[in-house]
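No hydrogens, no waters, no symmetry mates; every other heavy atom, side chains included, goes into these values. Chain letters run A, B, ... following the sequence lines, proteins first, then strands; residues in each count from 1.
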There are 2 protein chains.
Amino acid sequence: MIRLLLADDQALVRGALAALLDLEPDLEVVAQVGRGDEVVEAARASGAEVCLLDIEMPGMTGIDAAAALRRELPGVRSLVVTTFGRPGYVRRAIEAGASGFVVKDTPSRQLADAVRRVHAGLRVIDPDLAAESLIDGPSPLTGRERELLTYALDGSPVAAIAARVHLSEGTVRNHLSSAIGKTGATTRTEAARIAQDRGWL
Amino acid sequence: MIRLLLADDQALVRGALAALLDLEPDLEVVAQVGRGDEVVEAARASGAEVCLLDIEMPGMTGIDAAAALRRELPGVRSLVVTTFGRPGYVRRAIEAGASGFVVKDTPSRQLADAVRRVHAGLRVIDPDLAAESLIDGPSPLTGRERELLTYALDGSPVAAIAARVHLSEGTVRNHLSSAIGKTGATTRTEAARIAQDRGWL
DNA sequence: CCCGACCGATGACAGGTGTCACGCCGAGGT
DNA sequence: ACCTCGGCGTGACACCTGTCATCGGTCGGG
């Protein structure tokens, strides 16, 4: 019997995944949480062996939760299950110690198998995603560029960003200009979108 | 026995919802589709009585699918189940003839009940969302403003938008300026984000 | 019939934005 | 000690953007 923890902020999806996995005779959902920062505690309390982690969650991302599990409960394996198959996400999830990475449009039949493989100590990664994450490499952005791009995501004017990080407008423009060059974009908004698509943020 | 159709582009979520609902003794999932434009045909072929529709789908939105069901198969009721509780979505879903509107972070226990109520001819709408959709009213945007805002969503420069719709740059600027005024924003990107949040796009 | 709403367009202007050149500093690597 | 790289800043320049005034055309309703 494999003991599972589910972490997803959408209660309906979480409950549905629980129903799906509980149908399998060798799987048992022993805990469910809706926030990233509750994963470690719930995993400890429930004695989970495998954790299914969504990435977009309040409190802490699923990737950070995987890293925390790695530190605190090294015996527990984690499988990241997310909506977006962004190349950078795969890379970062694996670096954080996750054993697998599955996107939410894979057939539901395959999920239980993925869980079993992860429990057996194998890695489970969508081959297309793995290839993509290799070809475009790690993020070329510096720390500041990454930070400023996240603020530029919603199209905020340079002045607003500068105020938010207590920098000169000119400096912000320079960092963003550099990021625009590295992403191949022509505006900061486009650069932010590209960086997000690649999982660089 | 209530016959259900599920429409969601994420196969994993779709399968999981099927597992969840099939647990109920009086519910039966008789069809699953991953595209909005396959809903009507599948509903007809399977003899579904209630359709669960996600909004964001390829081919056709769940709202348009609800409208198509209304037209083609008036006896079939539809329940919109979506990630985002945008006020405008609720309004448009109801106007399209949907009998219910549920967001994906409601507890999974309540979904089966919502299905039963819809099947019984009742309306099921999250009370908070209904209130919100009343207070900020219908979209004040004109057709062109709406269209141009969708193109502005990703931060495209005015020139690119103008080329795409074969309009003068000045005209595009005027429409967007008007939309900026109506949304209370200060840039076109912010206006687009606000309009999207309210379900005006 | 005239009015209002929507659409399309032009021109002008202030202010925002992207680029470039250049400078300074501190941390690490050789 | 030297060099490189990231970070921070300035100034200048060309271009983009948002706003406003103004014009003309269409179409439906009072």
Side-chain angles (χ1 to χ4, degrees), chain A residues 88 91-92 95 136-201, chain B residues 88 91-92 95 136-201:
Chain A
R91 167 185 305 274
R92 278 157 53 196
E95 284 171 2
D136 67 21
S139 170
L141 301 175
T142 69
R144 270 301 197 203
E145 287 162 3
R146 203 202 85 272
E147 182 190 6
L148 296 184
L149 275 186
T150 63
Y151 294 136
L153 258 182
D154 58 4
S156 301
V158 171
I161 300 176
R164 201 156 164 184
V165 295
H166 307 294
L167 284 179
S168 147
E169 281 193 35
T171 302
V172 171
R173 285 213 299 264
N174 284 340
H175 283 303
L176 288 178
S177 181
S178 166
I180 289 169
K182 288 176 180 175
T183 52
T186 54
T187 67
R188 65 181 178 292
T189 314
E190 188 190 355
R193 219 183 38 70
I194 292 175
Q196 170 154 276
D197 276 354
R198 303 205 182 147
W200 289 350
L201 301 187
Chain B
R91 169 185 303 273
R92 279 158 53 197
E95 284 171 359
D136 67 22
S139 169
L141 301 175
T142 69
R144 269 301 197 205
E145 286 162 4
R146 204 203 84 270
E147 181 189 5
L148 297 184
L149 275 186
T150 64
Y151 294 137
L153 258 181
D154 58 3
S156 302
V158 170
I161 300 177
R164 201 155 163 184
V165 295
H166 307 295
L167 284 179
S168 146
E169 279 192 36
T171 302
V172 171
R173 285 212 300 264
N174 285 339
H175 283 302
L176 289 177
S177 181
S178 166
I180 289 171
K182 288 176 180 175
T183 52
T186 53
T187 65
R188 65 181 180 293
T189 314
E190 189 190 356
R193 219 182 38 69
I194 292 174
Q196 172 155 278
D197 277 354
R198 301 204 183 148
W200 290 351
L201 301 187

Inset, instruction - Could you tell me the separation between the NE2 atom of His166(A) and the P atom of dG9(D), rounded to a whole number of Å? - result: 12 Å
Inset, instruction - Measure from CD on Glu190(A) to C1' on dT17(C) and round the result to the nearest Å. - result: 15 Å
Inset, instruction - May I have the distance from Leu148(A) (atom CG) to dC8(D) (atom C1'), rounded to whole angstrom? - result: 11 Å
Inset, instruction - Using a 4.0 Å heavy-atom cut-off, write out nucleotides 12-30 of chain D from 5' to 3' as B (base contacted by protein), S (sugar-phosphate only) or - (no contact). - result: B----BBBBB---------
Legend entry - 4.5 Å side-chain heavy-atom contact, Leu167(B) and Arg144(B): yes
Legend entry - Heavy-atom side-chain proximity of Arg193(B) to Leu153(A) below 4.5 angstrom: no
Legend entry - Shortest non-hydrogen contact between Arg146(B) and Leu201(B), atoms and distance: NE-O, 3.8 Å
Legend entry - Partners meeting side chain to side chain donor-acceptor pair (under 3.5 Å) with Glu169(B) (sequence neighbours left out): none
Inset, instruction - Mind calculating the distance between CD (Glu145(B)) and P (dC6(C)) to the nearest angstrom? - result: 7 Å
Legend entry - Interatomic distance, Lys182(A) NZ vs dC5(D) C1' [rounded to whole Å]: 10 Å
Inset, instruction - Report yes if at least one side-chain N or O of Arg144(A) is closer than 4.0 Å to OP1 or OP2 of dC8(D); otherwise report no. - result: yes
Inset, instruction - Could you tell me which non-hydrogen atom of Leu149(B) sits nearest to which non-hydrogen atom of Ala192(B), and how far apart they are? - result: O-CB, 3.7 Å
Inset, instruction - Could you check how far CZ of Arg146(A) sits from C1' of dG6(D), rounded to whole Å? - result: 14 Å
Legend entry - side-chain N/O Thr142(B) vs dC6(C) OP1/OP2, d < 4.0 Å: no
Legend entry - Heavy-atom closest contact (Thr183(A) atom, Ala191(A) atom, distance): OG1-CB, 3.4 Å
